[in-house]
Number of protein chains: 2
Amino acid sequence: MKSTRNTTAKSAIQLLLQQSSVALSHKDIQNEVGKLCNRVTIYRILDRLVEEGEIHKIINTDGVIKYAPCNQCESHPNHNHDHVHFSCVKCDTVTCLDNVQPSYNLPPDYKVQEVNFTLSGICPNCIK
Amino acid sequence: MKSTRNTTAKSAIQLLLQQSSVALSHKDIQNEVGKLCNRVTIYRILDRLVEEGEIHKIINTDGVIKYAPCNQCESHPNHNHDHVHFSCVKCDTVTCLDNVQPSYNLPPDYKVQEVNFTLSGICPNCIK
DNA sequence: TAGGAAATGCAACTGAATTGCATTAGTTTT
DNA sequence: AAAACTAATGCAATTCAGTTGCATTTCCTA
(Lines give C-alpha, C1' and ligand atoms only; values in the text may rest on other atoms or scores of the structure.)
Protein backbone atom coordinates (compact mmCIF):
# COMPACT_ATOMS: atom_id res chain seq x y z
CA MET A 1 0.00 0.00 0.00
CA LYS A 2 1.22 3.46 -0.82
CA SER A 3 1.93 5.75 2.10
CA THR A 4 2.60 9.43 2.33
CA ARG A 5 5.37 11.06 4.33
CA ASN A 6 5.70 14.29 6.24
CA THR A 7 8.68 16.11 4.88
CA THR A 8 9.92 19.52 5.90
CA ALA A 9 8.99 21.07 2.56
CA LYS A 10 5.49 19.63 2.65
CA SER A 11 4.86 20.83 6.19
CA ALA A 12 6.18 24.29 5.38
CA ILE A 13 3.92 24.67 2.35
CA GLN A 14 0.90 23.37 4.19
CA LEU A 15 1.49 25.82 7.05
CA LEU A 16 1.98 28.63 4.58
CA LEU A 17 -1.38 27.93 2.99
CA GLN A 18 -3.15 27.59 6.32
CA GLN A 19 -1.85 30.90 7.56
CA SER A 20 -2.66 32.80 4.40
CA SER A 21 -5.91 34.71 4.17
CA VAL A 22 -5.90 34.38 0.39
CA ALA A 23 -5.36 31.56 -2.06
CA LEU A 24 -1.78 31.16 -3.30
CA SER A 25 -0.43 30.29 -6.72
CA HIS A 26 2.57 28.10 -7.40
CA LYS A 27 4.60 31.23 -7.99
CA ASP A 28 3.43 32.84 -4.75
CA ILE A 29 4.55 29.76 -2.88
CA GLN A 30 7.85 29.62 -4.70
CA ASN A 31 8.59 33.23 -3.78
CA GLU A 32 7.70 32.51 -0.19
CA VAL A 33 9.62 29.30 0.43
CA GLY A 34 12.65 30.53 -1.51
CA LYS A 35 15.37 27.91 -1.73
CA LEU A 36 13.78 25.56 0.76
CA CYS A 37 12.95 23.21 -2.05
CA ASN A 38 12.95 22.91 -5.79
CA ARG A 39 10.34 24.37 -8.10
CA VAL A 40 9.35 20.91 -9.28
CA THR A 41 8.95 19.71 -5.72
CA ILE A 42 6.40 22.44 -5.08
CA TYR A 43 4.30 21.13 -7.96
CA ARG A 44 4.48 17.63 -6.58
CA ILE A 45 3.70 18.67 -3.01
CA LEU A 46 0.67 20.65 -4.15
CA ASP A 47 -0.59 17.66 -6.13
CA ARG A 48 -0.14 15.47 -3.09
CA LEU A 49 -1.96 17.86 -0.78
CA VAL A 50 -4.89 18.04 -3.20
CA GLU A 51 -4.90 14.24 -3.46
CA GLU A 52 -4.98 13.94 0.32
CA GLY A 53 -7.86 16.42 0.55
CA GLU A 54 -5.85 18.93 2.56
CA ILE A 55 -6.16 21.75 0.07
CA HIS A 56 -8.27 22.52 -2.98
CA LYS A 57 -7.47 23.94 -6.34
CA ILE A 58 -9.06 27.11 -7.70
CA ILE A 59 -8.84 28.17 -11.31
CA ASN A 60 -8.88 31.92 -11.39
CA THR A 61 -10.68 33.86 -14.10
CA ASP A 62 -7.32 34.68 -15.69
CA GLY A 63 -6.42 30.99 -15.86
CA VAL A 64 -3.93 31.06 -13.01
CA ILE A 65 -4.24 28.13 -10.62
CA LYS A 66 -4.41 28.97 -6.94
CA TYR A 67 -4.54 26.78 -3.86
CA ALA A 68 -6.32 27.18 -0.55
CA PRO A 69 -6.75 24.94 2.49
CA CYS A 70 -10.02 23.10 2.97
CA ASN A 71 -11.30 24.85 6.04
CA GLN A 72 -14.37 22.78 6.62
CA CYS A 73 -12.92 19.42 5.83
CA GLU A 74 -12.41 18.32 9.41
CA SER A 75 -15.99 19.04 10.33
CA HIS A 76 -17.46 17.65 7.12
CA PRO A 77 -15.95 14.30 6.14
CA ASN A 78 -17.78 14.20 2.84
CA HIS A 79 -17.00 17.79 2.16
CA ASN A 80 -17.56 19.50 -1.12
CA HIS A 81 -16.07 22.71 -2.39
CA ASP A 82 -19.16 24.41 -3.63
CA HIS A 83 -18.45 27.69 -1.96
CA VAL A 84 -17.81 30.91 -3.82
CA HIS A 85 -14.39 32.35 -4.63
CA PHE A 86 -13.81 36.02 -5.08
CA SER A 87 -11.07 37.28 -7.35
CA CYS A 88 -10.10 40.93 -6.93
CA VAL A 89 -8.99 42.56 -10.15
CA LYS A 90 -7.20 45.30 -8.26
CA CYS A 91 -5.02 43.52 -5.70
CA ASP A 92 -5.10 40.25 -7.65
CA THR A 93 -6.03 38.11 -4.66
CA VAL A 94 -8.40 35.18 -4.53
CA THR A 95 -10.40 34.58 -1.38
CA CYS A 96 -12.61 31.69 -0.35
CA LEU A 97 -16.03 32.86 0.79
CA ASP A 98 -16.75 29.72 2.74
CA ASN A 99 -20.18 30.82 3.84
CA VAL A 100 -21.57 31.85 0.48
CA GLN A 101 -23.32 28.96 -1.20
CA PRO A 102 -24.78 29.66 -4.61
CA SER A 103 -28.11 28.25 -5.73
CA TYR A 104 -29.23 27.40 -9.24
CA ASN A 105 -31.84 25.43 -11.11
CA LEU A 106 -30.50 22.96 -13.63
CA PRO A 107 -32.48 21.32 -16.40
CA PRO A 108 -33.10 17.63 -15.69
CA ASP A 109 -30.52 14.94 -16.50
CA TYR A 110 -27.49 16.94 -15.50
CA LYS A 111 -25.55 15.18 -12.77
CA VAL A 112 -23.33 17.67 -10.95
CA GLN A 113 -20.11 16.43 -9.37
CA GLU A 114 -18.21 19.62 -8.81
CA VAL A 115 -18.92 23.29 -8.57
CA ASN A 116 -16.60 26.05 -9.61
CA PHE A 117 -17.94 29.47 -8.87
CA THR A 118 -15.69 32.50 -9.07
CA LEU A 119 -16.79 36.10 -8.93
CA SER A 120 -14.40 38.82 -9.96
CA GLY A 121 -14.49 42.50 -9.13
CA ILE A 122 -13.32 44.72 -6.30
CA CYS A 123 -12.79 43.29 -2.84
CA PRO A 124 -13.62 45.13 0.42
CA ASN A 125 -9.98 46.02 0.98
CA CYS A 126 -9.66 47.75 -2.37
CA ILE A 127 -13.04 49.43 -2.50
CA LYS A 128 -12.15 51.87 0.29
CA MET B 1 -10.02 55.16 -35.91
CA LYS B 2 -9.32 51.46 -35.81
CA SER B 3 -11.56 49.31 -37.94
CA THR B 4 -12.05 45.59 -38.15
CA ARG B 5 -12.17 43.55 -41.34
CA ASN B 6 -14.02 40.48 -42.41
CA THR B 7 -11.50 37.97 -43.57
CA THR B 8 -12.18 34.45 -44.76
CA ALA B 9 -10.50 32.92 -41.73
CA LYS B 10 -12.43 35.08 -39.30
CA SER B 11 -15.76 34.33 -40.96
CA ALA B 12 -15.02 30.61 -41.02
CA ILE B 13 -14.16 30.51 -37.32
CA GLN B 14 -17.16 32.59 -36.37
CA LEU B 15 -19.47 30.30 -38.33
CA LEU B 16 -17.85 27.27 -36.78
CA LEU B 17 -18.55 28.57 -33.29
CA GLN B 18 -22.10 29.56 -34.12
CA GLN B 19 -22.92 26.15 -35.51
CA SER B 20 -21.38 24.24 -32.64
CA SER B 21 -23.58 23.11 -29.78
CA VAL B 22 -20.61 23.11 -27.43
CA ALA B 23 -17.82 25.55 -26.63
CA LEU B 24 -14.60 25.06 -28.59
CA SER B 25 -10.98 25.34 -27.56
CA HIS B 26 -8.19 26.75 -29.68
CA LYS B 27 -7.10 23.21 -30.44
CA ASP B 28 -10.62 22.15 -31.42
CA ILE B 29 -10.77 25.03 -33.86
CA GLN B 30 -7.33 24.31 -35.21
CA ASN B 31 -8.28 20.71 -35.92
CA GLU B 32 -11.44 21.87 -37.61
CA VAL B 33 -10.11 24.61 -39.86
CA GLY B 34 -7.02 22.61 -40.79
CA LYS B 35 -4.66 24.53 -43.03
CA LEU B 36 -7.07 27.36 -43.69
CA CYS B 37 -4.95 29.62 -41.54
CA ASN B 38 -2.04 29.64 -39.18
CA ARG B 39 -2.09 28.64 -35.52
CA VAL B 40 -1.18 32.16 -34.48
CA THR B 41 -3.91 33.65 -36.61
CA ILE B 42 -6.50 31.60 -34.75
CA TYR B 43 -5.33 33.10 -31.47
CA ARG B 44 -5.58 36.57 -32.91
CA ILE B 45 -9.00 36.02 -34.46
CA LEU B 46 -10.37 34.66 -31.19
CA ASP B 47 -9.03 37.69 -29.34
CA ARG B 48 -10.64 39.95 -31.87
CA LEU B 49 -14.01 38.20 -31.67
CA VAL B 50 -13.97 38.48 -27.88
CA GLU B 51 -13.04 42.14 -28.16
CA GLU B 52 -15.90 42.75 -30.55
CA GLY B 53 -18.33 41.00 -28.22
CA GLU B 54 -19.16 38.27 -30.71
CA ILE B 55 -17.98 35.41 -28.53
CA HIS B 56 -17.08 34.89 -24.89
CA LYS B 57 -14.28 33.07 -23.18
CA ILE B 58 -14.86 30.23 -20.73
CA ILE B 59 -12.18 28.84 -18.47
CA ASN B 60 -12.90 25.19 -17.95
CA THR B 61 -12.32 23.47 -14.63
CA ASP B 62 -9.21 21.82 -16.08
CA GLY B 63 -7.80 25.22 -17.07
CA VAL B 64 -8.46 24.85 -20.78
CA ILE B 65 -9.89 27.95 -22.40
CA LYS B 66 -12.99 27.46 -24.55
CA TYR B 67 -14.99 29.87 -26.67
CA ALA B 68 -18.70 30.13 -27.37
CA PRO B 69 -20.84 32.64 -29.25
CA CYS B 70 -22.82 35.20 -27.28
CA ASN B 71 -26.34 34.08 -28.04
CA GLN B 72 -28.20 36.86 -26.31
CA CYS B 73 -25.99 39.70 -27.28
CA GLU B 74 -28.18 40.99 -30.07
CA SER B 75 -31.20 41.23 -27.80
CA HIS B 76 -29.29 42.60 -24.82
CA PRO B 77 -26.93 45.37 -25.76
CA ASN B 78 -25.48 45.62 -22.26
CA HIS B 79 -25.27 41.90 -21.99
CA ASN B 80 -23.41 40.09 -19.26
CA HIS B 81 -22.20 36.52 -19.27
CA ASP B 82 -23.44 35.43 -15.90
CA HIS B 83 -25.02 32.25 -17.12
CA VAL B 84 -23.90 28.79 -16.08
CA HIS B 85 -21.52 26.56 -18.01
CA PHE B 86 -21.59 22.82 -17.76
CA SER B 87 -18.45 20.78 -18.27
CA CYS B 88 -18.95 17.07 -18.87
CA VAL B 89 -16.15 14.95 -17.46
CA LYS B 90 -17.07 12.07 -19.73
CA CYS B 91 -17.32 13.55 -23.21
CA ASP B 92 -15.20 16.57 -22.27
CA THR B 93 -17.60 19.12 -23.71
CA VAL B 94 -18.53 22.50 -22.32
CA THR B 95 -22.05 23.81 -22.87
CA CYS B 96 -23.58 27.20 -22.17
CA LEU B 97 -26.77 26.92 -20.14
CA ASP B 98 -28.04 30.30 -21.19
CA ASN B 99 -31.19 30.13 -19.13
CA VAL B 100 -29.67 29.11 -15.83
CA GLN B 101 -28.83 32.14 -13.72
CA PRO B 102 -27.28 31.45 -10.35
CA SER B 103 -28.14 33.42 -7.24
CA TYR B 104 -25.94 34.12 -4.23
CA ASN B 105 -25.69 36.41 -1.24
CA LEU B 106 -22.42 38.24 -0.91
CA PRO B 107 -21.16 39.96 2.22
CA PRO B 108 -21.25 43.75 1.87
CA ASP B 109 -18.49 45.72 0.16
CA TYR B 110 -17.84 43.24 -2.58
CA LYS B 111 -18.33 44.83 -5.98
CA VAL B 112 -18.93 42.15 -8.61
CA GLN B 113 -17.90 42.84 -12.18
CA GLU B 114 -17.84 39.39 -13.71
CA VAL B 115 -19.27 35.99 -12.96
CA ASN B 116 -17.67 32.70 -13.80
CA PHE B 117 -19.82 29.74 -12.92
CA THR B 118 -18.95 26.28 -14.18
CA LEU B 119 -20.49 23.04 -13.02
CA SER B 120 -18.82 19.79 -13.89
CA GLY B 121 -20.28 16.31 -13.95
CA ILE B 122 -22.20 14.15 -16.40
CA CYS B 123 -24.20 15.76 -19.17
CA PRO B 124 -27.58 14.46 -20.41
CA ASN B 125 -25.98 12.83 -23.43
CA CYS B 126 -23.60 10.76 -21.35
CA ILE B 127 -25.95 9.87 -18.50
CA LYS B 128 -28.04 7.60 -20.69
C1' DT C 1 -8.01 51.11 -58.81
C1' DA C 2 -4.52 52.79 -55.87
C1' DG C 3 -2.98 53.64 -51.19
C1' DG C 4 -3.08 52.84 -46.35
C1' DA C 5 -3.89 49.88 -42.57
C1' DA C 6 -5.51 45.60 -40.81
C1' DA C 7 -4.57 40.82 -40.99
C1' DT C 8 -1.61 36.92 -41.85
C1' DG C 9 2.45 33.62 -41.90
C1' DC C 10 6.61 32.35 -40.26
C1' DA C 11 10.23 31.79 -37.05
C1' DA C 12 11.82 32.60 -32.75
C1' DC C 13 10.89 33.18 -28.07
C1' DT C 14 8.78 32.81 -23.35
C1' DG C 15 7.01 30.66 -19.29
C1' DA C 16 4.42 27.05 -17.04
C1' DA C 17 4.20 22.44 -16.28
C1' DT C 18 5.89 17.51 -16.90
C1' DT C 19 9.17 13.58 -17.14
C1' DG C 20 13.19 10.46 -16.27
C1' DC C 21 16.58 9.24 -13.41
C1' DA C 22 20.04 9.32 -9.91
C1' DT C 23 20.26 10.69 -5.07
C1' DT C 24 18.43 11.83 -0.49
C1' DA C 25 15.80 11.25 3.48
C1' DG C 26 11.40 9.43 6.14
C1' DT C 27 9.59 5.40 8.07
C1' DT C 28 9.41 0.69 9.49
C1' DT C 29 11.53 -3.52 10.87
C1' DT C 30 14.71 -6.20 13.09
C1' DA D 1 20.39 1.84 16.77
C1' DA D 2 21.32 0.14 12.30
C1' DA D 3 19.58 -1.70 8.13
C1' DA D 4 16.40 -1.81 4.49
C1' DC D 5 12.73 -0.20 1.87
C1' DT D 6 10.62 3.25 -0.81
C1' DA D 7 8.62 7.89 -0.91
C1' DA D 8 10.32 12.30 -1.87
C1' DT D 9 13.62 15.43 -3.90
C1' DG D 10 16.87 17.85 -7.20
C1' DC D 11 18.44 18.53 -11.58
C1' DA D 12 18.42 18.66 -16.45
C1' DA D 13 15.92 18.06 -20.33
C1' DT D 14 11.60 18.22 -22.61
C1' DT D 15 6.90 19.45 -23.88
C1' DC D 16 3.26 22.49 -24.73
C1' DA D 17 0.45 26.69 -24.97
C1' DG D 18 0.64 31.14 -25.92
C1' DT D 19 3.17 35.53 -27.45
C1' DT D 20 6.10 38.70 -30.22
C1' DG D 21 8.50 40.94 -34.18
C1' DC D 22 8.65 41.61 -38.72
C1' DA D 23 8.08 41.04 -43.60
C1' DT D 24 4.27 40.12 -46.70
C1' DT D 25 -0.48 39.82 -48.07
C1' DT D 26 -5.21 41.12 -48.25
C1' DC D 27 -9.09 43.92 -47.33
C1' DC D 28 -11.48 48.20 -47.56
C1' DT D 29 -12.48 52.87 -48.98
C1' DA D 30 -11.77 57.20 -50.95
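In what follows, every chain begins at residue 1, and chains take the letters A, B, ... in the order their sequences are listed. Treat the numbers as computed from the prediction; the structure is a model and nothing was measured.
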Could you state the atom-to-atom distance from [atom1] of [X] to [atom2] of [N] in whole Å?
X     : N      : atom1 : atom2 : value
B/I42 : C/dA7  : CD1   : P     : 16 Å
B/L46 : D/dA17 : CG    : C1'   : 13 Å
A/Y43 : C/dA16 : OH    : P     : 7 Å
B/E51 : C/dA7  : CD    : C1'   : 15 Å
B/Y67 : D/dA17 : OH    : C1'   : 11 Å
A/L49 : D/dA8  : CG    : C1'   : 13 Å
A/H26 : C/dA17 : NE2   : P     : 7 Å
A/I65 : C/dG15 : CD1   : P     : 18 Å

Item to check | Heavy-atom pair with the smallest gap, counting every atom of B/I122 and B/V89 | outcome: CD1-CG2, 3.9 Å

Checklist entry - What closest approach, in Å, do B/V64 and B/D62 show between heavy atoms, and which atom pair accounts for it? => result N-OD1, 3.1 Å

Next on the checklist: Quick check against the 3.5 Å criterion: does B/H26 have a side-chain atom that pairs as donor or acceptor with the backbone of B/R39?
Outcome noted: yes

Next on the checklist: Suppose we screen for salt bridge (charged side-chain N to carboxylate O under 4.0 Å, His left out). Which residues come up paired with A/E52, at least two apart in sequence or across chains?
Outcome noted: A/K10

State the [atom1]-[atom2] distance between [X] and [Y], to the nearest 0.5 angstrom.
X     : Y     : atom1 : atom2 : result
B/Q18 : B/S11 : CD    : OG    : 10.0 Å
A/I13 : A/I45 : CD1   : CD1   : 4.0 Å
B/E51 : B/R44 : CD    : CZ    : 14.5 Å

Checklist outcome for this item: Protein heavy-atom contacts under 4.0 Å, written 5' to 3' over nucleotides 19-30 of chain C as B (base), S (sugar-phosphate only) or - (none), form the string BB----BBS---

Next on the checklist: So for the helix from C/dT1-D/dA30 to C/dT30-D/dA1, with five pairs setting each end axis, what is the inter-axis angle to 10°?
Outcome noted: 40°

Checklist entry - For A/C37 and A/T8, what are the C-alpha separation, side-chain angles and deciding distance, and is it a side-chain contact (heavy atoms from CB on, under 4.5 Å)? => result CA-CA 9 Å; A/C37 70; A/T8 50; over 6 Å; no

Checklist entry - Base, sugar-phosphate alone, or nothing: which one does A/L36 contact when heavy atoms must sit under 4.0 Å apart? => result sugar-phosphate

Checklist entry - Is any side-chain N or O of B/K27 closer than 4.0 Å to OP1 or OP2 of D/dA17? => result yes

Item to check | C/dT8 phosphate, OP1 or OP2, under 4.0 Å from B/N38 side-chain N/O | outcome: no

Item to check | A/D92, A/T118, A/T95, A/N60 screened by side chain to side chain donor-acceptor pair (under 3.5 Å) with A/S87, the one that passes | outcome: A/N60

Checklist outcome for this item: Closest to the 5' end of DNA chain C, once B/T41 and A/D47 are matched to their nearest nucleotides, is B/T41

Next on the checklist: For D/dG18, does the base pair up with any side-chain atom of B/R39 as donor and acceptor (N or O, under 3.5 Å, distance only)?
Outcome noted: yes

